[in-house]
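See structure below.
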Amino acid sequence: MMASGCRLMRAIRVGEFGAPSVLKLCSDVPVPNPGLREVLIRVHACGVNPVETYIRAGTYSRKPSLPYTPGSDVSGVVEAVGQGVTALKAGDRVFTTATESGGYAEYAVATEHSVHTLPDALDFTQGAAIGVPYFTAYRALVHKAHAKAGETVLVHGASGGVGVAACQLSRALGLKVLGTAGTPEGMELVLNNGAHLCFNHREQDYTQRIMEATDGRGVDVIVEMLSNVNLSNDLQMLAYGGRVTVVGSRGPVEINTRDTMIKESSIVGVALFYATPEEKRECGAALYAGMEAGWLRPAVGRQYSLDTAAQAHHDIIQCPGAAGKLVLIM
Ligand code: NAP
């Protein structure tokens with residue numbers, strides 16, 4: 001990827017790690033040129049993921065060199081393709097699972113294998129809600145928990161980006177789907193997106209009600225969005241041979257490891273970063289089938305203009321009550 005040097009665009013630039021205010025809107029950023037096997041996309045929307053806030057804060061294990069533009073999940077229209085690109089052409093509607101130049105911008109360059117065709121049935125805001133959320137949900141459920149049809153899954157934190165994806169995918173895989181959310185609006189969204197039952201994780205006795213819903217047997221798989229709060233209770237809610245997938249965790253937690261012996265249960269970490277090219281291809285094919293069949297339909301929540309990216313970063317961490325995916329609109 002090279003900068004063209006002549007065309008300029010608006011983009012968010014981060015020149016130092018820190019609070020959301022380090023996300024600066026610049027209007028004189030060179031539009032990048034697509035290099036070998038790269039695609040230049042006119043960005044219409046970009047998903048905001050919690051990991052982008054950890055990276056911006058400088059607290060994440062992997063740090064980009066400064067300055068940089070955040071954002072991996074864009075959707076838009078192919079503007080131009082670099083040498084060696086055969087599967088895509090200018091004018092194609094696409095979404096990405098990674099970008100080279102950053103997605104909080106009017107244009108972004110991505111390598112060909114990170115660019116996927118966006119079906120007409122999905123709009124650009126939905127296209128920006130696929131990448132990290134659905135690929136993570138697939139990794140947790142299929143690659144890590146080895147969830148099988150007929151099993152019961154608890155999507156613990158089902159009202160956000162990954163949660164909605166996990167509910168839709170679980171339902172398509174033939175699981176019994178229990179979800180949680182923290183508000184009535186979030187619960188309704190979860191029930192409309194694949195969950196058979198939904199519980200409020202802010203109510204005191206909700207874990208007891210989850211156990212009652214399984215006739216005391218427990219759940220086979222938990223997709224956990226806030227492990228530092230829930231892991232100990234999760235181990236109580238698992239059935240024999242159950243698996244907790246740690247998708248989200250924002251601090252340490254104390255558990256009694258005897259809880260895993262009693263049920264021969266497993267705690268499995270999930271990191272989308274480690275997905276191999278083969279796993280990504282498999283996941284992409286499964287999700288594309290979901291778009292064709294119609295079960296993969298991202299639920300978009302709050303939308304922000306590019307100049308309010310800092311507000312989006314604040315809200316995704318500080319404002320509870322998720323109701324779908326946060327996206328930036330260009
Ligand atoms: P999001 O859209 O902000 O959603 C956060 C979810 O967590 C909401 O459903 C929220 O529900 C729920 N939540 C809040 N308090 C909870 C509690 N006490 N118990 C259970 N759930 C609770 O974020 P996201 O994009 O879905 O990501 C979720 C987490 O996974 C984040 O921590 C993110 O960093 C992580 N993640 C990890 C990977 C990986 O590779 N491991 C990939 C993607 C995401 P309410 O707002 O309704 O309370």
Side-chain angles (χ1 to χ4, degrees), residues 46-57 59-62 70-73 97-98 128-141 143-145 154-169 178-191 193-195 198-204 206-207 210 222-234 237 244-251 253 267-275 279-280 283 298-304 312-327:
C46 183
V48 176
N49 293 296
V51 69
E52 291 144 20
T53 71
Y54 319 147
I55 294 170
R56 184 217 69 231
T59 55
Y60 199 60
S61 50
R62 284 175 284 114
S72 59
D73 299 350
T97 47
I130 299 171
V132 167
Y134 282 84
F135 278 69
T136 302
Y138 190 90
R139 185 158 188 82
L141 283 162
H143 286 149
K144 296 299 162 187
L154 171 65
V155 181
H156 211 165
S159 48
V162 180
V164 166
C167 286
Q168 292 178 353
L169 176 58
L178 315 184
T180 76
T183 62
E185 188 194 6
M187 290 173 71
E188 194 185 333
L189 179 91
V190 172
L191 287 169
N193 280 283
C198 190
F199 304 84
N200 188 328
H201 51 233
R202 297 206 207 293
E203 286 177 6
Q204 280 240 302
Y206 79 99
T207 55
I210 290 171
I222 299 179
V223 180
E224 180 54 63
M225 305 304 164
L226 202 57
S227 310
N228 51 306
V229 171
N230 295 323
L231 190 58
S232 180
N233 282 338
D234 287 347
M237 285 192 282
V244 186
T245 57
V246 175
V247 172
S249 187
R250 293 185 178 160
V253 59
I267 302 167
V268 193
V270 177
L272 186 56
F273 177 75
Y274 290 117
E279 286 172 331
K280 286 182 196 162
C283 178
V300 176
R302 282 170 280 185
Q303 302 183 22
Y304 298 79
H313 268 219
H314 170 273
D315 292 355
I316 198 168
I317 299 299
Q318 304 297 340
C319 295
K325 176 80 198 168
L326 261 62
V327 295

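Counting starts at 1 for both ligands and their atoms, following the listed order.
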side-chain hydrogen bond (donor to acceptor under 3.5 Å, both in side chains) against [X], all qualifying residues, sequence neighbours excluded:
{"X": "His201", "result": "Thr180"}
{"X": "Glu188", "result": "none"}
{"X": "Asn193", "result": "Gln168"}

N/O donor-acceptor pair under 3.5 Å between Thr245 side chain and Gly269 backbone: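 No: the side chain of Thr245 does not pair with the backbone of Gly269.
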
Candidate pair Met187 and Asn200, rule side chain to side chain contact (heavy atoms under 4.5 Å, CB included), full reasoning: CA-CA 7 Å; Met187 290 173 71; Asn200 188 328; 3.7 Å; yes

Neighbour list for ligand 1 [protein residues, heavy atom under 4.0 Å]: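 Its neighbours under 4.0 Å (heavy atoms only) are Pro50, Tyr54, Val132, Thr136, His156, Gly157, Ala158, Ser159, Gly160, Gly161, Val162, Ala181, Gly182, His201, Arg202, Met225, Leu226, Asn230, Val247, Gly248, Arg250, Val270, Ala271, Leu272, Ile316, Pro320, Gly321, Ala322, given by chain and number.
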
Minimum side-chain heavy-atom gap Val132-Ser72 below 4.5 Å: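 Side chain of Val132 against side chain of Ser72, heavy atoms only: contact under 4.5 Å found.
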
